[in-house]
Amino acid sequence: MNRLAFLMLPGMTWRRVVADVGAVILLLTVGIIGFAATFDGATYLVAAIGALLLGLVLAWVGARWRWGVLTLTGATIAVYFLFGGALALPHTTFLGVIPTLETWRQLAVGVVTSWKDLLTTVPPVDPGDGHLIVPFLLTLVASVLAASLALRLRRAAWALIPASLYIAGEILLGTAQTVAPIVQGVIFAVVAVVWLALRTMWSPERTAVEAATPGADASRAARLRRLISGGVVLALATGAGAAVAATAAPPTQRYILRDFVVPPFDIHDYASPLQAWRKYVRDYTTDPLFTVTGLPEDGRVRLATMDSYDGIVYNVAEDGAGSSSAFTSIRSNMSPQAEGTETKVRVDIENLSGVWLPTVGSAREFDFVGTRATDLRRGAHFNDGTGTAVTTSGVRSGDAYTIDTIVPPVVKDEQLSETPFASLKMPKQAGIPQALSEIASDATEDAETPIDRARALETYLQTDGYFSHGLASDVYSPSGHGAARISMLVSNEQMIGDDEQYAVAMALMATQLGMPARVVMGWHPDQDEKDAGGVFTATGENVHAWVEIAFEGVGWVPFDPTPDEDNEPSQQNTKPRANPKPQVLQPPPPAQEPAELPPALAEERDQDEQPDSGLGWLGPVLLWTAAGLGGILLLLSPFLVIGGIKAARRTRRLHAERTADRVSGGWDELVDRAVDYRISVPPGSTRAESAVVVGESFDGARVATLAQQADADVYGPGDPSPEDVDAFWREVDEIVAGMAGGATFWQRLRARLSLRSLRRDRTNLWSGLSTMVRARRR
């Protein structure tokens, strides 16, 4: 016991301190485990568990020295800044422990921005990107609150509030993938119940009662038996519930904040870079756009990847149609499934402008340098599926960055001899020139394997086409790649164009034959285009566009359909080809057995094959909104139905064919409203008789005068004028308003839902029919 004396708090036993601290540890550990699906690896446990221990120490010290709320808050803030660097931002500290000014700056800013950064990053997130601030701060605050409430208050149940909020925060900030949710729920429930039971049994009030009551030992034993029995029952019920939930319960959708937080970037806000092709060629023929240092042999520099065509421009697909528009904030664990040679390249921007960042291979991490490094990184987004990157800040002269990347190996045709095309669901293309299908069929009629068909298209364009940029000294070749320009390319006796037209033409022909194809704009330099130091300078003269086709289990393979630049047309001839053959669509290739895809392609295909409603996160919101509105309408249905019937009755009376009937209807409206307020008006009574009954409760003189006026208008010579009808109804509405004004809310509500006037109408109908029958008999 003496060894635990240091844990003692004023007025508390050692076992209560141990039980309270242990319960808080177990309750919060449930939430810490839930973060496993959010972070890449177990590194986050250092930050979370460290924050848990620090929070417990703070709560214990605060309880021992009776710190107030302000003192405890100040101590928590101090601990956050003193230990946050070592536990959450070790890469910013000195020797991994001592905080620096940069550490404190990121900790201060992270209190506000770390939540959004975590939610806008694709999980599992890399702990080294500063995202550990979230579990560290959340766990620190939750442990301080939960332990302080447990150690200071007699009712321990208050400590369950911050613990429950911590679990809820972990769920909302996490992912849709759960980590043993049943086990977490069972642990939380069992720990809470057992802890509260022990606290109740150890409470000072219960101890005092037991000491004053004869047979305290027997009573204590009985309570212990009840506690054990209750624990057994709880365990059995929890186990049965968990088993049923695991085996019989259908999977449910887990809604998290990540599904409702939309990153503030949309690639469709910017034009396709392929539209600026001729501008690069014309204005930056020899001017350097950027330089690349460390570019490996056969390495390609990618600016943009486009897979959607609308007859005007090749662009990235719309959201949900493919992966080319799925840009997410950059992180340090991108392209996790990429295979190839690891390398590091440096890109220095000179004359390049716009939002697109030149990339090489499958980038793992970007490191921006220079005066605009922070702005560039904050706005940088990457697409794992296409290997392209953008920054909302836009690139300028002087910007620079390095890329840790993986360059895929070059695949030989021999390796693809028996490999089918990948079964990817590509975006639906529109506006494809009809002539391309016939040309594609003719070009591939002798090809037997998938790779042969793709090479046949490439070879056809390379050998039958001629190269021209269409500049001042070149043979005429219009810019653009719309349907009209591509039709002109393939229908003239001489195909004349450059990379822009040939890449688009091959991609569209491949699409017509069922190949998953896309267009890439970038640079693929020859060895002689690098200087002595291995630095490649990108200009408008060496810009290229090529086609990539996906093969099962291999990935995207590049094809270069553009003719050699030396292959210039001997003479310009823009006449269309004579006697075009009728279109014959080549039948699709036979069905292939599904082959194993690399993880990147498999994930892309799985995502594409999922049905897309086009609503995204709006779908669940609309679903729950519709359900809520349906419930509200169900609750309001009595008001709506009864109110609609009464409104239709009023409209019928107000717009009767004869003006005398409108006056009579106005009086009936007044009497019916009085009946709904529980005034007993005898069925079949005259207006004078009704006025006496109604007037006893509502403005008798005015009601009597209105009854006399109604008799005069209905039974007098001639019909009343429309003005008289309007005046009569205004008087009716004022009296009715007086009825409502003198009633309580519940009386008005009861009158609106009352069926008395509706039943009275039916009674008056039968009373009138009976009167008519008796009159005829007489």
Might you work through the side chain to side chain contact (heavy atoms under 4.5 Å, CB included) test for Val490 and Leu436, ending with a clear yes or no?
-> CA-CA 8 Å; Val490 299; Leu436 291 183; 3.8 Å; yes

Could you give me the CA-CA distance, side-chain angles and deciding distance for Glu350 and Arg396, then say whether salt bridge (charged side-chain N to carboxylate O under 4.0 Å, His left out) is met?
-> CA-CA 7 Å; Glu350 297 194 35; Arg396 304 175 189 170; over 6 Å; no

Check the pair Leu87, Val46 against side chain to side chain contact (heavy atoms under 4.5 Å, CB included), reporting the backbone distance first and the verdict last.
-> CA-CA 6 Å; Leu87 295 176; Val46 176; 4.0 Å; yes

Under the side chain to side chain contact (heavy atoms under 4.5 Å, CB included) criterion, do Val345 and Thr293 qualify, and how do the steps go?
-> CA-CA 6 Å; Val345 298; Thr293 305; over 6 Å; no

Start with the C-alpha distance between Thr139 and Ile32, add both sets of side-chain angles, then the distance that settles side chain to side chain contact (heavy atoms under 4.5 Å, CB included), and finish with yes or no.
-> CA-CA 8 Å; Thr139 308; Ile32 293 176; 4.2 Å; yes

Apply the test salt bridge (charged side-chain N to carboxylate O under 4.0 Å, His left out) to residues Arg346 and Asp348: give CA-CA distance (whole Å), side-chain angles for both, the deciding distance (0.1 Å), then the verdict.
-> CA-CA 7 Å; Arg346 177 185 171 99; Asp348 291 271; 3.0 Å; yes

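Between atom OG1 of residue Thr305 and atom CG of residue Leu274 there is a gap of 11.5 Å, rounded to the nearest 0.5 Å. Here Phe35 contributes atom CZ and Leu45 contributes atom CG; the two are 11.0 Å apart, rounded to the nearest 0.5 Å. Going from atom OH of Tyr44 over to atom OG1 of Thr38 covers 8.0 Å, rounded to the nearest 0.5 Å. Expressed to the nearest 0.5 Å, how far OG1 of Thr539 lies from CG of Asp283 amounts to 12.5 Å. Between the CE atom in Met334 and the OG atom in Ser362 there is a gap of 10.5 Å [rounded to 0.5 Å]. Between the OG atom in Ser308 and the CD atom in Gln429 there is a gap of 5.5 Å [rounded to 0.5 Å].
With hydrogens and angles disregarded, no donor-acceptor distance shorter than 3.5 Å links the side chain of Thr419 to the backbone of Gly553. Using modelled atom types, one side-chain atom of Asn567 and one backbone atom of Gly465 make a donor-acceptor pair closer than 3.5 Å. Between the side chain of Ser468 and the main chain of Ser477, no donor-acceptor pair closer than 3.5 Å is present. A donor-acceptor contact shorter than 3.5 Å is absent between the side chain of Thr103 and the backbone of Pro99. Remark: side-chain polar atoms of Thr391 are paired, donor with acceptor, to backbone N or O of Leu376 under 3.5 angstrom. Proximity of a side-chain donor or acceptor of Tyr502 to a complementary backbone N or O of Tyr466 within less than 3.5 Å is detected. Remark: side-chain polar atoms of Asp307 are not paired, donor with acceptor, to backbone N or O of Pro427 under 3.5 angstrom. The backbone N or O of Arg278 lies less than 3.5 Å from no partner atom in the side chain of Glu500, so there is not a single donor-acceptor pair. At distances below 3.5 Å, at least one donor-acceptor pair connects side-chain atoms of Asn383 with backbone N or O atoms of Thr386. A side-chain donor-acceptor contact under 3.5 Å links Thr359 to the backbone of Gly387.
Counting all heavy atoms, side chain and backbone alike, Arg455 lies closest to Glu458 at NH1-OE1, 2.9 Å. Nearest heavy atom pair, residue Trp546 against residue Phe559, reads CB-O, 3.2 Å. The two atoms that bring Val313 and Ser272 nearest to each other are CG2-CB, 3.8 Å, heavy atoms only. Nearest approach of Gly379 to His381, heavy atoms of both residues: O-ND1, 3.0 Å. When all heavy atoms are compared, the tightest approach of Phe467 to Asp564 is CB-O, 3.5 Å. Across all non-hydrogen atoms, the minimal contact from Tyr309 to Ala483 is OH-N, 3.0 Å.
In summary, Asp404 and Lys344 engage in a salt bridge, as defined by a charged side-chain N under 4.0 Å from a carboxylate O. By the 4.0 Å N-to-carboxylate-O rule, Asp375 lies close enough to Arg378 to be salt-bridged with it. Salt bridge absent: Arg377 and Asp367 never bring a charged side-chain N and a carboxylate O closer than 4.0 Å. Taking the charged nitrogens against the carboxylate oxygens, Asp310 and Lys428 have no contact shorter than 4.0 Å, which rules out a salt bridge.
Aromatic ring orientation, Trp523 versus Phe290: perpendicular (interplanar angle above 60°, classes split at 30° and 60°). The aromatic rings of Tyr280 and Tyr284 sit tilted relative to each other, their planes meeting at an angle between 30° and 60°. Taking the six-membered ring for Trp and thresholds of 30 and 60 degrees, His524 and His544 have nearly parallel ring planes, at less than 30 degrees apart.
Cation-pi contact between Arg282 and Trp277: absent, since separation from the ring centre below 6.0 Å together with deviation from the ring axis within 45° is not met.
Judged by distance alone, the side chains of Asp474 and His469 never bring a donor and an acceptor atom under 3.5 Å apart. Residues Thr511 and Arg518 have side chains that never bring a donor and an acceptor to within less than 3.5 angstrom of each other.
Annotation for Glu541: atom CD does not count as buried by contact number, only 12 or fewer foreign heavy atoms lying within 6.0 Å. For Glu342, the CD atom counts as loosely surrounded, since its 6.0 Å shell holds 12 or fewer non-hydrogen atoms of other residues, nucleotides or ligands.
With a 4.5 Å cut-off on side-chain heavy atoms, Pro408 and Glu339 do not count as touching. Residues Tyr80 and Leu82 form no side-chain contact, since every pair of their non-hydrogen atoms from C-beta on lies 4.5 Å or further apart. Counting heavy atoms from C-beta on, the side chains of His481 and Tyr314 come closer than 4.5 Å. Proximity of Leu416 to Val411: side-chain heavy atoms (C-beta onward) are separated by under 4.5 Å at one or more points. Looking at heavy atoms from C-beta onward, Val395 lies in side-chain contact with Leu357 at the 4.5 angstrom threshold. Inter-residue side-chain proximity for Pro525 and Leu295 is flagged as met; some heavy-atom pair is nearer than 4.5 Å. A 4.5 Å side-chain heavy-atom check between Leu461 and Met495 finds at least one atom pair inside the cut-off. Inter-residue side-chain proximity for Phe536 and Asn542 is flagged as met; some heavy-atom pair is nearer than 4.5 Å.
Taking the six-membered ring for Trp and the full ring otherwise, the centers of Phe327 and Phe382 sit at least 6.0 Å from each other.
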